[in-house]
Structure formats: structure tokens, C-alpha cells
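All remarks here apply to the structure that follows.
Starting from 1, each residue takes its place in the sequence as its number.
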Amino acid sequence: MSVMSYREAHRQSITSPEEFWGEQAALVDWFRKPRQILDSSRAPFHRWYPDGTLNTCYNALDRHVIRGGAERTALIYDSPVTGSRRTYSYAELLTEVAAFAGALQQLGVEKGDRVVVYMPMIPEAVVAMLACARIGAVHSVVFGGFAPAELAIRIDDATPKVVVSASCGIEPSRTIAYKPMLDEALRLASHAPETVIVKQRPELPADLAEERDLDWDVAMTAGRVQPAGCVEVAATDPLYVLYTSGTTGRPKGIVRDNGGHAVAMAWSFPNVYGCDAGDVWWAASDVGWVVGHSYIVYGPLISGATTVLYEGKPVGTPDAGAFWRVVSEYGVKALFTAPTAIRAIKKEDPEGRLVKEYDLSTLQTLFLAGERLDPDTWEWASEKLGVPVVDNWWQTETGWAIASNLRGLEPMEIKPGSPSVPVPGFDVRVLDGSGHEVPAGAEGAICLKLPLPPGTLTTLWGDDQRYVDSYLSAFDGYYLSGDGGHVDEDGYVYVMGRTDDVINVAGHRLSTGAMEEVISRHPAVAECAVIGVADPMKGQLPRGFVVLKSGVEADPDEIRDELVARVRAEIGAVAAFKEVVVVGGLPKTRSGKILRRTMREIADGKDVPVPSTIEDADVLDTLRPVLRQD
Ligand code: COA
Ligand code: AMP
């Protein structure tokens, strides 16, 4: 690739996307090189590299082995919660992946079939993902912190032939038996997978009593006899579906293709994150989230780097020095995590004493994303680590950063509070309610002018119309990000928060609508609202407000406990839903819409005027002290 400045690269990616992304296609190995770069004939469904064919697993593993990288370390597994660690060279990881891919094939999994992966942070999760990619199957990883009912919804939507899981996950406070949760999910689901493969962990083995159950090790023994080669897939074929929270209880199945994604990963890893083949890179996230897909698995491996898979927490496993231990032990060049993890460390070690106990000389950059990076956290991390702390803004939908400081392409000034500038490929525009661009500095809806670059969502699984309705119908020709904010005179983007009912709890994206659905099913509840309230540690926490049906005599404390238990059981512990208040009424517009945004702003301590559309201002006035927790 020719050497370009950020401005040139961004300009070219927007004015001549086909030229720009045509050139970047060379970062990937193709079975059949694409001759057409972008197909907009079915706009707004744009397709990248429509006539190209490739295999994503080949790009992540085989090509490095073939080109002399067989002995290079591909993956370092470090698990303070089990006291184990292991490294895999590229050749070893390839052997594991080819064997598991063979096992899947023997179970009848073919190109296009779905495989749900419900696993903790163990190497087998990465092996399962890459094995699917190898045979053209579509993986759908579900985060372990979700409850059976949420898993069931995803199983019914993805209709997998096989589910891959593990006997347990290990949280610092407890060991979580995954298999009973999976069995419960399968009891709730209408769809029945043919096979359930379970990795038995010594900490808590599972009972594999069902006929469909198969031990991971048994599957692998069969797979090793007949490992699978790479299946040629179209660039536009789906690589994975990853569910994310929308505004309703029904999650959205984000569809990622193979070709555009591989190119986006191969381009972004060196240009955005400044890392490349041979570098040790660590994304301290979870494979259940998009950061895990893109930068624990695909980005670093497609680039030939070493990726760290960490089964632990920033604090408590065993202390707030855990991240610094891993960095020093493996010589990590760049660390990527969520601001909440740094806030958790800062809370336990405000002076950064543990930072000083480790040799962090290899660390060049700390990347943070997943939620707004508050200037205090930025300042603390910058001071204690003495390296650039780089915010990057993106979403499950986009698959890679929309705005960042491009550490590999052209590092630039960092402005605290801003994830810096639009990444090449993303045409960021801030629009007002009527779809007009606002002047620099003015707030509005952050949108992306179509076409989106390679690697972004192609649609929602099985629901093209919902894709259009959710993202493309608000403003013609634009993707609606759901985030509000502004762009300053220098082109720096500022993301101020969601404009919809999605909240962000400890870097985990959750839907308040889904929580409301669970709460409304309680027989004593007449109506309810759940809002995300600012929290100094987790960024936001959900808070519920319920109005009881008239005549209900129940003790409000009891109802509160029941509601907390229900949300935990039906959505999962990760929702961190612990606060519910029983109130006399909820403020509404004259058309009956609950004024959630107004409630949220009051709860966050803002001075909010009574909206002109309100039906009964007294209800809001009565609620104000409750919202402010006076
Ligand atoms: N499987 C099962 N349960 C899980 C889980 C998993 N994979 N992950 C979290 N949970 C549970 C936790 O045990 C906890 O349960 P509890 O209510 O019984 O204590 C609950 O879900 C909430 O977990 P968490 O959000 O992790 O909160 P915490 O208070 O335990 O830890 C942090 C706080 C900040 C340390 C933690 O949230 C963290 O590391 N966040 C980083 C998030 C991240 O990497 N996001 C990815 C975007 S880059
Ligand atoms: P997810 O899809 O889980 O990655 O969550 C995406 C949402 O998280 C975005 O729409 C934002 O609301 C928020 N988010 C992610 N990264 C950032 C960031 N760097 N700054 C502000 N908000 C962010």
C-alpha cells in the first residue's frame, strides 16, 4: 500500500471507495480475487467484493503457517481464575481448528449452517469460531452472562445445527454451571439443535445425559482422524451472526460477511491499532462481544500477531495489578479494554502502586472502547501508564472503529472526551431532526453516509426489513448510529450517548426495553419504565420504576425483590438490575409515550424543563425527588 496521510486516506476512502478498498483487498488471500469491488445495485444493501471468494480461517491461520510462521505464537491463554496458562503456535492452533472443523463436518455441519457457541473465555471458544469459518458455517457466539431465556431467543433466531458449550464458566465469586443453563435454554426454545458439544472442565464437569450431548474431547478425537480443509466461500457469504441489544426485547442478529470483514480486519489492525505480525496484542474483552470477535480473534490472527485470551477480571483475580502482570509477562505491545475496567482498577489502586510493580516497558498504547471514556479515567490512565490512551468509538453493527486516533496510519493529537476522527471508510455526519447537517460543534444524531465500508453489518439475520427500519429509514441515504453528539472544528467526533433505549452497563450493551418486558409480565405491575442512570463505576446502571395495578395489596419490598430476581433469571446477572422503585405514576406525553429521556436526564442531575408535550406535569413533579434520589 502506498504511504498516505490520514487526511488523504480518509478523503480517498470517501470519494473513491472502490479504488481505496480495491487496493486494501490485497491484504487478504483470495481463492478468486474480486474484480468488482462494490455492488450498489441493490442499495441500500451494498455488497463488498461480490465476485471474490476466500476463506477467513485460511487468512487467520493457514497462510501464516505456509509462509514460515508455523512456530510463531498465535494465542496465549492466561486464566487466573483456574490458575492455568497455555500458548498455541500458529501450527498448533491450526491443528486444533482443522480437527474441530472435521468434527463439525462429521456431524453434518455444512456451509451456511449455523453453530451457536456459548462458552467462557477458553481457547476452545476461539477454536470453535475458527472451525466454523473454516467450513463456511456461520457462528453465533452468545455471551456467557446471559440467562437461558436470552440464549433461547438467540437459538430460535439462528436455528443452529450444533451448539458448542462448556461445562462451566468461572467468575471470581462462583463457578457457573453452563450446561444446566443450556439445557434450560433448549427446553424454552422451539428449535432443537441436532448435537450439543460440551467441553468438560475439571472445575465442574457436566452431566452429558441427553442423547444429543457429545463430549468435546470425543468429537476432537474423531476430528483429528479426518481434519477439515478450507471451504471456499463467497466474500458476501455470512461469517457470523452476533446478537446485540436493540430497543425492544428482541435482539438484533448482526450479520457479518467474510470478504469485507477480512479486509476490514487486515486494514484496521495495523492502521488503527498500530500492531502487526509478530506483535503481542491483548484485547481484554470477551469473545461474546464484538470487540472479542474483531480483536481477540480475527484482527490479530488475520494479521499474524499474537493474541492474548484472558479468563479473568481487571480486579479480584487476584488484585488490581492483574492487567499489568499480563502485560509484563507476555510483553504486550497494546492493550484494548473498556473504560469501566480501568475505573475498577483505579478504584482499588488509586495511586497506581501496582502499576509500578511491573515492567510495562513493552506497552506502547492503551485503547479503550465500548462506552464513553470520561476525561477522569483518561487522565488517570495516561498519567499512571505514561503511554497514549486512545479512545475509539464503534458498535457491534460496524464491527470496527468508526472514530479513532489512527496510531498506525498517522498518530495525531489526543483530545480528552473525543475518540478523535472518523476512520477511513466512515463518512460521519451529524444531522438534525429533519436530516440536515448541523454546523461544527452543534449536537445532533450521529449518522454515517452510505455506503458503509467493508466489515460493517450487511443486514439483520433473516430480517432485511428490520435492518432498513432500524438503521436506514430515519434519514434517506444514511445509517443511524443511535448515538448523539457533535463534530468540532477540527473534525474530532464527540459521542455523548445513545438517543434510544439502549444502555451501557460496565461496557455491556443492554436493552431497557427487554428489562421492561420482563417486569411487565409480573402480575402486580400495571406499567413500568427502566432507564439507564449514570454510575461512577459501571458508566450506567439500570433503574426501574413501576406502577402497581390498583387494588394490589402486596408489600412493595417483596415486589421489588421479585422483580430483581426475575430480570436476573430471564436476562442475566450481567444486566446488574438491582434497583426498582414503586411509584404512583409515570410521566407521559399526551399520546401516552413514557418520557424516559426526561426521567433519565433528571436522574443524571440535569436541570430539565417540563416538556411541552407532557400530559400531566404533576406526575413528573412528584417523581423528581425520587429520580434525583433526594
Ligand atoms: N458468565 C456468567 N456470569 C457473568 C459473566 C459470564 N461470562 N460475566 C459477568 N457475569 C456476572 C458476574 O458474575 C456478575 O454477577 P453478580 O451480580 O452475581 O456479581 C454480573 O454478571 C455482573 O458482572 P460484571 O458486569 O462483570 O460486573 P462486576 O461487578 O462483576 O465487575 C468489572 C465489574 C468492571 C470488573 C467488569 O464489568 C469488567 O471487567 N468489565 C469490562 C467489560 C468489557 O470488557 N466489555 C467489553 C467491551 S470492550
Ligand atoms: P456495542 O454494540 O456493545 O459495542 O455498543 C455500542 C455502543 O456503545 C455505541 O453505540 C455507543 O453508545 C457506546 N460506545 C462504544 N464505544 C464508545 C466510545 N468510545 N465512546 C462513547 N460511546 C461508545
Side-chain angles (χ1 to χ4, degrees), residues 141 143 240-248 251-257 260-261 264-265 268 272-273 283 285-296 298-299 336-340 367-373 391-404 418-431 444-461 466-472 474-475 478-485 487 493-513 532 539-540:
V141 183
F143 177 62
Y240 70 76
V241 177
L242 179 58
Y243 289 90
T244 190
S245 302
T247 48
T248 68
K252 293 168 167 165
I254 303 302
V255 179
R256 196 86 60 215
D257 67 8
H261 173 255
M265 293 297 102
S268 62
V272 177
Y273 300 103
S285 175
D286 188 290
V287 287
W289 307 115
V290 70
V291 173
H293 281 63
S294 295
Y295 298 111
I296 293 175
Y298 290 109
F336 184 169
T337 189
T340 191
F367 292 97
L368 296 173
E371 56 172 330
R372 189 173 137 72
L373 172 56
D391 187 7
N392 51 132
W393 168 57
W394 45 303
Q395 314 181 305
T396 308
E397 287 84 345
T398 64
W400 57 294
I402 308 165
S404 185
S418 165
S420 300
V421 293
V423 168
F426 291 97
D427 191 358
V428 176
R429 309 286 177 108
V430 181
L431 306 182
I446 313 183
C447 297
L448 306 171
K449 197 160 188 283
L450 299 179
L452 296 176
T456 51
L457 80 171
T458 54
T459 187
L460 294 182
W461 181 252
R466 191 176 178 207
Y467 168 55
V468 173
D469 294 346
S470 304
Y471 302 103
L472 308 179
F475 304 113
Y478 294 88
Y479 164 89
L480 180 75
S481 74
D483 281 306
V487 176
V493 180
Y494 289 77
V495 183
M496 306 316 287
R498 299 286 306 194
T499 53
D500 56 15
D501 297 326
V502 166
I503 60 170
N504 205 309
V505 180
H508 309 313
R509 174 165 158 182
L510 297 160
S511 158
T512 53
Q540 280 186 307

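- Here the shortest heavy-atom pairing between A474 and L480 reads CB-CD2, 3.9 Å.
- Closest heavy-atom contact between G455 and A264: CA-CB, 3.9 Å.
- Distance CZ/F367 to CG/N392: 7.0 Å, rounded to 0.5 Å.
- Listed by chain and residue number, D500 satisfy the salt bridge (charged side-chain N to carboxylate O under 4.0 Å, His left out) test with R498 (two or more places apart in sequence, or in another chain).
- The backbone N or O of S481 lies less than 3.5 Å from a partner atom in the side chain of Q395, making a donor-acceptor pair.
- For W289 and H508, the ring centers sit closer than 6.0 Å to each other.
- A donor-acceptor contact shorter than 3.5 Å links the side chain of Q540 to the backbone of N504.
- A perpendicular orientation is assigned to the rings of F475 and Y478, their planes being inclined by more than 60° (bins at 30° and 60°).
- Within the model, atoms CD1 of I402 and OG1 of T456 stand 9.5 Å from one another, a figure rounded to the nearest 0.5 Å.
- When each of S420, S404, P419 is checked for a side chain to side chain contact (heavy atoms under 4.5 Å, CB included) with D391, only P419 meets the rule.
- With sequence neighbours left out, F336 forms a ring pair (Phe, Tyr, Trp, His ring centres under 6.0 Å) with Y273.
- The two residues L460 and V255 make their nearest non-hydrogen contact at C-CG2, 3.8 Å.
- Between the D483 side chain and the T499 main chain, no donor and acceptor come within less than 3.5 Å of each other.
- Atom-to-atom distance recorded for R509:CZ and T396:OG1 is 5.0 Å, nearest 0.5 angstrom.
- Taking the six-membered ring where the residue is Trp, the centroids of Y295 and W394 are separated by under 6.0 Å.
- Panel note: side chain H293, backbone V287; a donor-acceptor pair is recorded below 3.5 Å.
- Expressed to the nearest 0.5 Å, how far CG of L368 lies from OG1 of T340 amounts to 10.5 Å.
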| query | Would L452 and L450 satisfy side chain to side chain contact (heavy atoms under 4.5 Å, CB included), going step by step from the backbone distance to the final call? | reply | CA-CA 5 Å; L452 296 176; L450 299 179; 3.9 Å; yes
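- In this structure, P454 and G260 approach most closely via the heavy-atom pair CB-O, 3.4 Å.
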| task | Please assess Y479 against F426 for the test side chain to side chain contact (heavy atoms under 4.5 Å, CB included), listing each intermediate value before the final yes or no. | result | CA-CA 10 Å; Y479 164 89; F426 291 97; over 6 Å; no
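- Of the possible polar contacts, none joining the S418 side chain to the Y494 backbone as a donor-acceptor pair under 3.5 Å is found.
- Without hydrogens or angle criteria, R372 side chain to M496 main chain gives no donor-acceptor distance under 3.5 Å.
- Checked against ring pair (Phe, Tyr, Trp, His ring centres under 6.0 Å), Y243 has no partners two or more places apart in sequence or in another chain.
- Between the side chain of T244 and the main chain of K252, no donor-acceptor pair closer than 3.5 Å is present.
- The two residues S285 and G292 come nearest to each other via the heavy atoms OG-N, 3.9 Å.
- Rounding to the nearest 0.5 Å places CZ of R256 at 7.0 Å from OG1 of T398.
- Between V430 and G485 the shortest heavy-atom distance is CG1-O, 3.5 Å.
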| Would V290 and Y240 satisfy side chain to side chain contact (heavy atoms under 4.5 Å, CB included), going step by step from the backbone distance to the final call? | CA-CA 11 Å; V290 70; Y240 70 76; 4.2 Å; yes
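- In this structure, E397 CD and S470 OG are separated by 9.0 Å, a value rounded to the nearest 0.5 Å.
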